[in-house]
K.L.:
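Below is a structure I'd like to ask you about.
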Amino acid sequence: MWKSIAAAPADSILGLTEAFKTDTNPDKVNLGMGVYMNDAGITPVLACVKKAEQMLLGSETTKSYLPISGDPAYAACVQDLVFGPDSEVIATQRAATAHAPGGTGALRIGAELIKSFQTQASVWVSTPTWANHKGIFKAAGFTIKDYPYYNQMTHGLHFEDMLETLRQVPAGDVVLLHACCHNPSGVDLYPEHWAQIGAIAKEVGWIPFLDFAYQGFGTGVEEDRGAVEAFAAVQIDFFVASSYSKNFGLYNERTGAITVVSPSEQESVVAMSHLKATVRVCYSNPPAHGGLVTKTILSDPELTTSWRTELAEMCNRIVTMRNAFVDGLAARGVDQDFSFIKDQRGMFSFSGLQDDAVAWLQKNKSIYIVGGGRINLAGLTSKNIDYVCDSIAEALRN
Ligand code: LMR
């Protein structure tokens, strides 16, 4: 079967980690894949997760299947987190949530679900966007189109151009938006922007699809809900893909959820029936462990408090490294102004490094950065920051 078939290219993000692992340089630094690392360069299991797992070990009585959409108590925790426990969406029961295997699983299930009814729909993605977005929607049968987002010159938003394009998106098409911590740019929309986008979505009739992979990594768990609140306020259909990889550190447990919001409870019941039908033919029902851990933490006030503390610690360390990185480059007298990186939010610095510098750093310094210049700031530590800044300064001089 494979004789005449060329190998697929390595994944632009996860493929870097594969290359990093085989690199024998003792100074190597992985600034590619978006996982949190502490100052020792380790991706830790959060203490609240460890505690929840200890509790579960004693209380778990079965490994029988979960329902197709997962444990309803987990779905309720997801909705509290996404909308806030006092949200009108929850009170009126117009959201249907299914436990999905990670943010990618949530995006794919949402894409498959939409495509089965909106057969001609295209998906509109920001320029740039997370490397996997296009592949996920393409695999579900969508044509991919782009809307302007990041302005390379100002390192800010192309907001007016973005709005102009969104006004032209045909009704029934899907617009994929990053709810917070835009990946890769780190440049976010704020409530006043979201309100305008919500009004356009309602007027034109396209379907917003929010990728909410970094809740809590922007300004805070509550503050990061701006996008969700704007679309909830205009009473339209929209989708939210949640991931608990980053904010709970549950990367390899593939813990996420897809939430379908409808204008009424009646429509939501229909949406849930089709959501379940979509899940059933993809993976039948979700893996339990990550959802159990998340539910256990969010149902226990003490564990919730320790989760919030640990989340804040992760965010603070990233901000510290963000500042150290910018100051480190400035101290080395690089001509380029990198101060804009201090205003970016989330795990990444969209550094402005060109692909030739990125390739040079990998080849000569064993520093792994995603093409396009996205740096995972959590990969910087007090031990490697000088090496990284020295190397980037050298790359820019070459
Ligand atoms: C990233 O953007 O690096 C992470 O979300 C990991 C991934 O799956 O690409």
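In each ligand, atom 1 is the first atom listed, and ligand 1 is the first ligand listed.
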K.L.:
For residues 204-218, which side-chain N or O atoms pair as donor and acceptor with protein atoms under 3.5 Å away, sequence neighbours left out?
P.N.:
| from | atom 1 | to | atom 2 | distance (Å) |
| --- | --- | --- | --- | --- |
| W206 | NE1 | L166 | O | 2.9 |
| D211 | OD1 | A213 | N | 3.4 |
| D211 | OD2 | H133 | NE2 | 2.7 |
| Y214 | OH | K246 | NZ | 3.4 |
| Q215 | NE2 | L81 | O | 2.7 |
| Q215 | NE2 | V221 | O | 3.1 |

K.L.:
Could you tell me whether N183 approaches ligand 1 through its side chain, its backbone, both or neither, with non-hydrogen atoms closer than 4.0 Å?
P.N.:
side chain
K.L.:
Would you tell me whether R225 and S87 have side-chain atoms, one donor and one acceptor, within less than 3.5 Å of each other?
P.N.:
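No, no side-chain donor-acceptor contact under 3.5 Å.
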K.L.:
Please report whether the ring centroid of H182 lies less than 6.0 Å from that of F348.
P.N.:
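No; H182 has its ring centre 6.0 Å or more from that of F348.
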K.L.:
If we only consider heavy atoms of N132, is any one of them less than 4.0 Å away from an atom in ligand 1?
P.N.:
no
K.L.:
What is the closest protein heavy atom to atom 9 (O) of ligand 1, and at what distance does it sit?
P.N.:
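Result for atom 9 (O) of ligand 1: W130 NE1, 3.0 Å.
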K.L.:
Between M347 and ligand 1, which residue portion shows a heavy-atom distance shorter than 4.0 Å: side chain, backbone, both, or neither?
P.N.:
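Neither part.
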K.L.:
Think K115 forms a cation-pi with F142, using NZ or CZ under 6.0 Å from the six-ring centre and within 45 degrees of its axis?
P.N.:
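Yes; both conditions hold, so K115 lies above the ring face of F142.
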K.L.:
For atom 6 (C) of ligand 1, grab the closest protein heavy atom and report residue, atom and distance to one decimal in Å.
P.N.:
K246 NZ, 4.0 Å
K.L.:
Counting only heavy atoms closer than 4.0 Å, does ligand 1 sit against the backbone of H133, its side chain, both, or neither?
P.N.:
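Within the 4.0 Å criterion, H133 makes no contact with ligand 1.
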K.L.:
Between L380 and R317, which heavy-atom pair has the shortest distance, and what is it?
P.N.:
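Smallest heavy-atom distance, with atoms named: O-NH2, 2.7 Å.
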K.L.:
Ignoring hydrogens, what is the shortest heavy-atom contact between K202 and V234? Give both atom names and the distance.
P.N.:
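Nearest heavy atoms, K202 then V234: NZ-O, 2.8 Å.
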K.L.:
Just jot down the ligand 1 atoms closer than 4.0 angstrom to any heavy atom of M33, in number order.
P.N.:
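So the atoms of ligand 1 that pass are 3 (O).
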K.L.:
Consider every N or O of G34 and every N or O of ligand 1, then say whether any pair is closer than 3.5 Å.
P.N.:
yes
